[in-house]
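Lettering follows sequence order; numbering is per chain, from 1. Everything numeric in this text was worked out from a predicted model, so none of it was measured.
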Amino acid sequence: MLLIDHFAYNNRFTQVHPGEKALFFVLTMSVCLFLPSLSTSLAVTLLMAGVVVLLAGIPWKFYGKLLLVPGSFLIIGLVAVAVSVTREPCQFLWGTYLGDYAVGITKAGLDTAVNLFFRSLGAVSCLYFLSLTTPMTEMVGLLRKLRVPALVVELITLIYRLIFILLEMAGQIYTAQSSRLGYRSMRTGFTALSQLILSMFIKSYRQSQNMYDSLVARCYDGQLHFIEDKRNWSLCHVLVIVAVEAVLAAWALYAGGIM
Amino acid sequence: MKKTLLPLINLKYSTLALLYSLLVVLAVPENAYAMHIMEGYLPSTWCAIWYLLTLPFFILGLVSINKTVGLNPKMKMLIAFAGAFAFALSALKLPSVTGSCSHPTGVGLGAILFGPAVMAVLGSIVLLFQALLLAHGGITTLGANAFSMAVVGPFVAYGVYKLCRRLRTPLWLAVFSGAALGDLLTYLTTSLQLALAIPDATGGIPASFTKFAAIFAFTQIPLAVSEGLLTVLIFNLLYTY
Amino acid sequence: MRKYIIEARELVYQYPDGTNALNGLTMQIKEGQKVAVLGANGAGKSTLFLHFNGILRPRQGQILFDGRSMDYRHRSLVELRKNVAIVFQDPDHQLFSASVLQDVAFGPLNLGLDKNVALAKAREAMRQTEIDTLSSKPTHFLSYGQKKRVSIAGVLAMEPRVIIFDEPTACLDPRMVDKTMDLLHRLNKQGKTLVMSTHDVDLAYSWADYIYFINGGQVAGEGTPREVFLNRELLAGCGLKQPWVLEVYRELIDSGLLATTAPMPDSKETLLELIRNASPGAAGVKIRVAQ
Amino acid sequence: MRKYIIEARELVYQYPDGTNALNGLTMQIKEGQKVAVLGANGAGKSTLFLHFNGILRPRQGQILFDGRSMDYRHRSLVELRKNVAIVFQDPDHQLFSASVLQDVAFGPLNLGLDKNVALAKAREAMRQTEIDTLSSKPTHFLSYGQKKRVSIAGVLAMEPRVIIFDEPTACLDPRMVDKTMDLLHRLNKQGKTLVMSTHDVDLAYSWADYIYFINGGQVAGEGTPREVFLNRELLAGCGLKQPWVLEVYRELIDSGLLATTAPMPDSKETLLELIRNASPGAAGVKIRVAQ
């Protein structure tokens with residue numbers, strides 16, 4: 001159902017220590033945010049695309065589609081930032097008048113918008129690297145090591161598992177409804193959808209009760225104890241990561257300077 | 001030299017951005033207009049500020065959950081289910097027939113059922129999952145998104161609901177107003193966050209806020225209404241059983 | 001010869017994560033027949049069924065309904081789903097309305113029928129499945145067996161020509177299994193084509209007119225029950241066993257307790273009758289003849 | 001005589017909505033036995049099982065473990081749940097973690113064991129259930145059969161003395177049923193007491209040492225498989241059938257193909273052997289003697 005999740009468990013980095021992946025994510029993201037410039041953003045985007053597609057082995061078609069996911073937000077944002085509305089006369093690269101108001105694109109607005117666009121793309125690439133190569137079960141381990149409160153880690157663990165139970169349930173109900181022509185038209189579709197959500201709500205409530213019983217049957221005392229496979233840091237990996245980040249940071253300083 | 005080249009480069013990059021936009025429109029027409037600020041959209045300072053502003057509410061929520069669970073241990077499972085439910089709603093690419101697909105957030109329902117503090121925790125976790133599993137929102141912008149969706153939304157929904165109850169309005173109206181206003185305030189907060197981080201080149205923060213709010217209104221006002229209706233439906237059902 | 005009502009030609013289907021679910025599967029179902037589809041979990045049965053009413057669309061190959069190839073346009077899909085209905089395995093995920101009547105009427109209402117007509121069809125379906133008394137009950141308070149019957153009624157109310165049952169007897173107690181199989185027999189008598197997947201070789205053996213074995217997304221074997229179940233290699237390859245009726249029959253023949261001319265039994269009842277008729281006297285005669 | 005490890009005495013339990021689930025049910029389970037509990041859906045089996053490890057508390061009556069009556073204090077509950085474990089029917093209700101290892105180690109960790117000890121126990125349980133290779137896969141990518149095995153491993157890792165299986169073979173394909181039953185045999189060999197509910201009379205007949213029939217929240221009949229399954233009235237009352245092994249055996253005896261002295265078979269294999277040994281020669285001799 002969730003393909004990002006699928007690839008997180010099926011890529012060439014599954015045996016790499018999650019800490020190393022997190023380190024790479026954090027450092028690259030920092031360069032992207034603290035040393036922002038067009039060329040830095042592009043470099044980060046390309047670096048991450050290379051790592052994810054060539055090294056981790058995620059199909060490039062899927063990665064390409066993924067890059068389009070935040071598209072609608074980006075476009076809206078881009079328009080909002082680039083376009084200015086003003087009463088005062090102003091230097092527009094392109095513009096028109098609507099009554100008293102001038103609507104148009106200023107050079108400053110365009111600069112901001114384009115910078116923003118590529119910074120976002122770079123940052124999103126970092127996020128994708130993390131989510132496509134690091135299974136959630138290992139991220140939970142990381143959170144624990146970062147001293148996130150036990151209750152939060154516990155909720156994350158439970159919610160992550162339950163998400164898939166609910167999605168499967170929703171998928172089955174949706175299929176059953178479609179095969180009885182539930183989404184044939186707007187009108188029937190709305191009825192069917194509200195029924196789906198309602199019945200999912202009731203069923204998930206009941207399932208939460210059942211699951212609680214089954215946990216208690218195994219001596220659950222209100223606290224999850226965690227256990228995980230030991231995995232060793234690889235000095236070689238860390239050195240490569242640090243070297244790559246150093247080059248990246250140097251490039252960022254040279255090309256963009258500190259903002 | 002850099003200065004003189006910049007407009008040219010920008011032109012090239014603008015074309016790139018435009019090309020990308022075209023691709024988005026062609027390739028993912030059913031793309032949801034999720035109201036999460038995406039990764040990298042806020043500068044680092046604002047990321048930190050919103051994280052810090054969310055933190056006290058998050059801690060308050062943890063304390064509140066601990067208290068609830070202490071009284072009834074079964075509640076932990078139920079709270080987890082509510083979180084998974086909220087996520088599942090946002091992950092379903094549901095009615096391709098109904099045109100634009102809206103994402104009910106479930107924030108209002110959760111706030112009325114569990115209290116707004118609990119939702120600060122639950123909402124933040126759901127946002128984390130949305131960033132990691134659905135590529136909606138981001139890690140650096142998690143603080144900002146949590147503030148609008150998991151703090152402002154629930155507290156407004158809860159406050160409006162309580163106020164309506166005190167004014168002795170019918171239950172359905174209280175639930176509806178709570179859920180719908182919660183959604184509206186969430187989206188206004190998001191617009192404000194964006195405006196603060198990216199002021200308009202000529203009109204500053206107010207102009208920027210007006211622009212963002214106006215653009216998002218197209219998707220967010222219908223969503224607020226449908227969210228209100230759906231919450232009423234679920235609430236009625238809960239009362240029946 | 002009866003014509004084919006559903007045909008699947010060289011279906012290939014891949015899940016989004018890249019695993020192949022169907023690998024060039026070809027199947028032909030004659031109108032009015034009772035067809036059983038057997039295979040291990042994950043062999044591709046459910047995926048196949050979802051192709052039969054257009055929920056899934058094959059990557060390659062085609063589905064033919066009533067001789068016409070599916071084109072997956074809105075109108076054809078509505079037509080197909082009206083005529084080919086699926087009763088899913090888990091009734092919990094098939095019922096989604098507040099009351100039983102509402103759930104059963106869901107399909108007919110979606111067909112765009114008048115409310116009264118739809119309700120009448122729903123009531124008739126509930127009569128056939130013997131759940132008339134449950135009409136106003138909320139669906140989530142029903143027992144498992146009741147839910148199963150409601151889910152069948154919801155499909156019957158659409159009056160489809162083909163009904164597909166995904167493991168209709170799973171998790172039911174023996175009495176409910178009998179009732180369900182009775183219902184299936186009655187539906188077939190009314191002229192409906194039935195397709196059923198099951199893990200129960202004994203049930204399939206005595207129920208089906210025709211049997212398909214599915215393995216790895218392909219048809220591993222097909223034929224009438226008596227043909228396919230004699231092929232032990234095929235059975236072992238699909239992780240299935242011989243029906244016990246056949247096993248006992250063969251043992252009886254091999255050990256000479258039954259004459260080699262005794263016809264192959266098609267159910268427990270005929271086997272028991274064979275044994276009854278082969279009473280000592282008869283057996284004695286045969287032995288003497290043989291000696 | 002072996003002592004009783006679990007006793008239920010006159011249990012009465014009412015659901016919150018007022019329906020009676022158990023009506024004075026009394027049951028005694030001997031240590032090391034394999035006990036099958038049969039009954040229609042809704043007869044009260046699952047409710048009974050939830051009493052066996054203290055999830056539900058009876059309104060009247062009592063549960064005894066190892067001869068001591070349950071007092072439902074925290075310490076006794078932990079003690080009981082450590083020793084009596086349930087494998088629930090739907091593995092999705094039992095698996096709470098996406099990490100298989102985490103889920104299997106859940107029980108031992110709750111018992112307060114050291115992490116390394118818990119890890120060792122989890123690994124041993126995963127070895128026994130043959131899921132060692134799944135350890136790094138998330139729960140939601142597993143097939144139904146694999147989930148089932150993980151849920152069994154999670155219970156084994158606690159090393160309970162009694163394991164209760166709620167319909168362990170439901171929805172599994174024949175190959176997985178065999179594997180599961182093999183595992184159950186091995187566990188019993190290790191000295192564990194096993195209680196299983198099932199709808200499959202054939203399975204119960206050849207597997208169980210002792211059988212309980214439940215009907216309407218009460219014990220409707222009990223005894224060894226050969227005793228209880230001969231009582232046709234009792235079977236009909238509980239909505240159950242005779243195992244086919246018995247039916248065929250009786251028919252063979254009645255028609256004289258088998259000598260009346262032939263021992264009652266306890267499984268398909270022994271029945272087939274009986275038939276094989278009653279080959280024409282032997283039958284011929286018997287017939288002559290009889291005449």
Exercise. Sort out for me which of A:H6, A:H225, A:Q223 touches chain D most, counting heavy-atom pairs under 4.5 Å.
Key: A:H225

Self-check item: Proximity breakdown for A:Y212 and chain D, heavy-atom pairs closer than 4.5 Å
Solution: neither

Practice problem: Taking the six-membered ring for Trp and the full ring for Phe, Tyr or His, determine whether the centres of A:F129 and A:F25 are under 6.0 Å apart. | Solution: no

Quiz item: Where is the tightest heavy-atom contact between D:T26 and D:V219, given as atom of each residue plus distance?
Solution: O-CG2, 3.2 Å

Quiz item: Who pairs with D:S76 by side-chain contact (heavy atoms from CB on, under 4.5 Å), at least two apart in sequence or on another chain?
Solution: D:M70, D:D71, D:R73

Practice problem: Check each atom of D:F141 against the heavy atoms of chain A and say whether the ones under 4.5 Å are side chain, backbone, both or neither. | Solution: side chain

Quiz item: D:K82, D:Q94, D:H74: which one forms the most heavy-atom pairs within less than 4.5 Å of chain A?
Solution: D:Q94

Quiz item: Who among A:T157, A:D213, A:I165 has the most heavy-atom pairs with chain D under 4.5 Å?
Solution: A:D213

Exercise. Pick one of side chain, backbone, both or neither for A:T137, based on which atoms fall under 4.5 Å of a heavy atom in chain D.
Key: side chain

Exercise. Indicate yes or no: does D:D103 engage A:R161 in a salt bridge with an N to O separation below 4.0 Å.
Key: no

Quiz item: Does the side chain of A:D5 pick up a donor-acceptor pair with the side chain of D:H140 at under 3.5 Å?
Solution: yes

Quiz prompt | Step-by-step ring-ring contact (aromatic ring centres under 6.0 Å, His included) determination, A:F7 to A:Y9 | solution = CA-CA 5 Å; A:F7 285 115; A:Y9 293 93; over 10 Å; no

Quiz item: Quick one: what part of D:S135 sits under 4.5 Å from any heavy atom of chain A, side chain, backbone, both or neither?
Solution: side chain

Self-check item: Which atom of A:R231 lies closest to which atom of A:Q15, heavy atoms considered
Solution: CD-O, 3.3 Å

Quiz prompt | Atom group of A:L215 that falls short of 4.5 Å from chain D, counting heavy atoms | solution = both

Quiz item: Just checking, any donor-acceptor pair under 3.5 angstrom between side chains of D:Q14 and D:N20?
Solution: yes

Practice problem: Ignoring hydrogens and angles, tell me if any N or O in the side chain of D:K192 forms a donor-acceptor pair with the backbone of D:P160 under 3.5 Å. | Solution: yes

Quiz item: For the candidates D:S99, D:P138, D:A122, D:G54, which exhibits the highest count of non-hydrogen atom pairs separated by less than 4.5 Å from chain A?
Solution: D:P138

Quiz prompt | chain D contact via A:E138 - which portion, at a heavy-atom distance below 4.5 Å | solution = neither

Self-check item: Polar side chain donor-acceptor pair, A:Q177 to A:Y183, under 3.5 angstrom
Solution: yes

Quiz item: Using a heavy-atom distance cut-off of less than 4.5 Å, which residues of residues 47-56 of chain A contact chain D?
Solution: none

